Amino acid sequence: ICGSREYSIGVDPFKTPKHVRAIALARFCVELDDSACYPRARAAFIAAGSELCRLFLRHRKPLMRQLGAYFFGADADEDEVYGRMKVLFNLLDMDGSYGGDSKESWRRRFGLRDGEKSLDDVSVLVPLAPGEHGPQQRFDMRAYIAAQADATAWLVDRMPAQREFVADFLRRSGDSRNFPERTLKSYCLQEAEFVSRCTKVVMCRRLGIGVAGLWHDGVIASVHGADEVCSEARLAEWTSVLSDACERVLGYEQPVEVKRMKPEPEYVRVATGAASAGDSHGASLVDAAMAKHYACLLYTSDAADDLLCVD
């Protein structure tokens, strides 16, 4: 392990709500993100449970949409529910808690009461590929959760000295969570993020794309006048070049998604002052977005629009 990721001291900009980052950067930047970086890395170099993990990766989006409908109903907003399921699977990949009384638990966060719609009892049919026939497989959540714990144990068995090093580091740093096995697994998977991130930075330089920021496995690419410069054909070209480069360096398939940073219309309306003075709903959106942060973005003049950072 030589790269991992850097952690901020104090306010972590990565935890700034996504729509706030988009308001600040949409005119200047696009996101270059790995698709399902952790589960792809886990399937590539952790043998335990890898077949089930690969099954999930092959059918990731339809499986997550089916499971989202189970938890939140077929009429719920599809994109919002898909985002909630991404949060869940990120937790499961790191052996995290998805239930219980903790305020941070996934179930409580999204209004699900313990005792109903248990993860341990749900399985969904795996969709058949076009032209495919025969009995459908089932994707079982209980088996998937167990496979993540098996993967952690498999890794620790092969890296006992690293496990002790991490445990000692956690004790010395006063980390009260003290789950060295999970932390070791996280560091190993973060190494794949690091390699992919470095690859994207190198390829951005070759393509003449500026790099404005690094986000875990992703890169914020600086493209002035992003809407005009980044045609759909240009984004598709970058997607292909970056995906091929990351796959060659990592040694396994790792698609890269090139995404425009699009603020949600409601937040743009409020941030640009389009909301009326009496619009309490608009004010509540801003309050919710900024409640846990110590800074806010101000547009001071037309000249400041051309700058990435403004005092």
Side-chain angles (χ1 to χ4, degrees), residues 1-8 12 14-15 33-58 60 63-64 67 85-100 102 104-107 109 119-120 139-199 214-218 246-247 249-255:
I1 297 175
C2 61
S4 197
R5 73 170 66 137
E6 295 181 0
Y7 291 86
S8 65
D12 185 350
F14 186 78
K15 294 180 180 177
D33 285 337
D34 288 353
S35 172
C37 178
Y38 264 27
R40 290 183 194 279
R42 174 248 188 276
F45 63 78
I46 300 179
S50 60
E51 285 303 316
L52 184 56
C53 191
R54 290 191 180 96
L55 175 67
F56 168 70
L57 286 168
R58 286 196 300 272
R60 179 169 170 255
L63 287 175
M64 288 170 68
L67 291 165
M85 299 310 297
K86 285 180 67 176
V87 173
L88 172 63
F89 276 91
N90 288 341
L91 269 175
L92 297 180
D93 289 342
M94 297 314 303
D95 309 316
S97 173
Y98 54 88
S102 167
E104 290 76 29
S105 76
W106 181 81
R107 296 182 64 89
R109 177 178 174 183
L119 276 179
D120 294 333
F139 180 79
D140 184 83
M141 284 299 299
R142 179 182 294 181
Y144 186 83
I145 294 168
Q148 306 319 306
D150 290 344
T152 303
W154 183 94
L155 194 63
V156 170
D157 285 345
R158 283 153 182 80
M159 304 179 73
Q162 183 75 326
R163 190 263 180 208
E164 290 306 310
F165 174 84
V166 170
D168 183 59
F169 169 76
L170 293 176
R171 284 193 297 268
R172 290 172 182 269
S173 61
D175 192 321
S176 60
R177 293 171 298 176
N178 196 25
F179 296 116
E181 296 83 7
R182 299 183 194 178
T183 305
L184 171 59
K185 181 181 180 182
S186 178
Y187 285 168
C188 290
L189 297 178
Q190 286 173 28
E191 190 72 9
E193 288 184 332
F194 165 71
V195 172
S196 180
R197 189 171 63 237
C198 290
T199 303
L214 307 175
W215 302 98
H216 295 191
D217 59 89
C246 288
E247 180 174 345
V249 174
L250 289 166
Y252 56 85
E253 183 182 6
Q254 179 53 76

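The structure presented is a predicted model; accordingly, all values stated were derived computationally and were not measured. Residue indices begin at 1 and follow the sequence shown.
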- Query: With side chains defined as the heavy atoms from C-beta onward, is the minimum distance between Asp34 and Glu193 less than 4.5 Å?
  - Reply: no

Worksheet item: Can you check side chain to side chain contact (heavy atoms under 4.5 Å, CB included) on Leu155 and Thr152, steps first, answer last?
Response: CA-CA 5 Å; Leu155 194 63; Thr152 303; 5.9 Å; no

Looking at Pro255, is its backbone amide N or carbonyl O close enough to the side chain of Glu247 to form a donor-acceptor pair, meaning the two atoms are under 3.5 Å apart? no

Would you call Leu119 and Leu88 a side-chain contact if the rule is heavy atoms closer than 4.5 Å? yes

Step-by-step side chain to side chain contact (heavy atoms under 4.5 Å, CB included) determination, Phe45 to Leu250: CA-CA 11 Å; Phe45 63 78; Leu250 289 166; over 6 Å; no

Closest heavy-atom pair, Leu63 versus Phe56, reported as atoms and distance to 0.1 Å, is CD1-CA, 4.1 Å

- Whether Phe89 and Tyr144 hold their rings parallel, tilted or perpendicular, with breakpoints at 30° and 60°: perpendicular

The reported gap from CD in Gln190 to OG1 in Thr183 (rounded to nearest 0.5 angstrom) is 9.5 Å

Practice prompt. Decide, yes or no, whether a salt bridge links Asp95 with Lys185 under the criterion of side-chain N to carboxylate O below 4.0 Å.
Written response: yes

Interatomic distance, CG@Leu92 vs CH2@Trp106, rounded to 0.5 Å, equals 8.5 Å

Of all heavy-atom pairs linking Pro39 and Cys53, the shortest is O-SG, 3.4 Å

The reported gap from CG in Leu189 to CD1 in Ile46 (rounded to nearest 0.5 angstrom) is 5.5 Å

Tell me which donor-acceptor pairs under 3.5 Å the side chains of residues 158-168 have, and how far apart each pair is, sequence neighbours excluded?
from   : atom 1 : to     : atom 2 : distance (Å)
Arg158 : NH1    : Trp154 : O      : 3.0
Arg163 : NE     : Glu181 : OE2    : 3.2
Arg163 : NH2    : Glu181 : OE2    : 2.7
Asp168 : OD1    : Arg172 : NE     : 3.2
Asp168 : OD2    : Arg172 : NE     : 2.6

Inset, instruction - Count the heavy atoms belonging to other residues, nucleotides or ligands that lie under 6.0 Å from OH of Tyr252, then report whether that count exceeds 12. - result: yes

**Item:** Exercise: do Ser50 and Arg54 side chains pair donor with acceptor under 3.5 Å
**Value:** yes

With a 4.5 Å limit on heavy-atom distance, are the side chains of Arg42 and Cys188 in contact?
-> no

Within-4.5 Å side-chain heavy-atom neighbours: Leu57 and Glu253: no

Closest heavy-atom pair, Arg60 versus Ser35, reported as atoms and distance to 0.1 Å, is NH1-OG, 3.7 Å

One should read off an interatomic distance between Ile145 CD1 and Asp150 CG, to the nearest 0.5 angstrom, of 12.0 Å

With sequence neighbours left out, the residues meeting side chain to side chain donor-acceptor pair (under 3.5 Å) with Gln254 are none

Below 4.5 Å, heavy atoms only, C-beta onward: do Pro180 and Phe169 meet side chain to side chain?
-> no

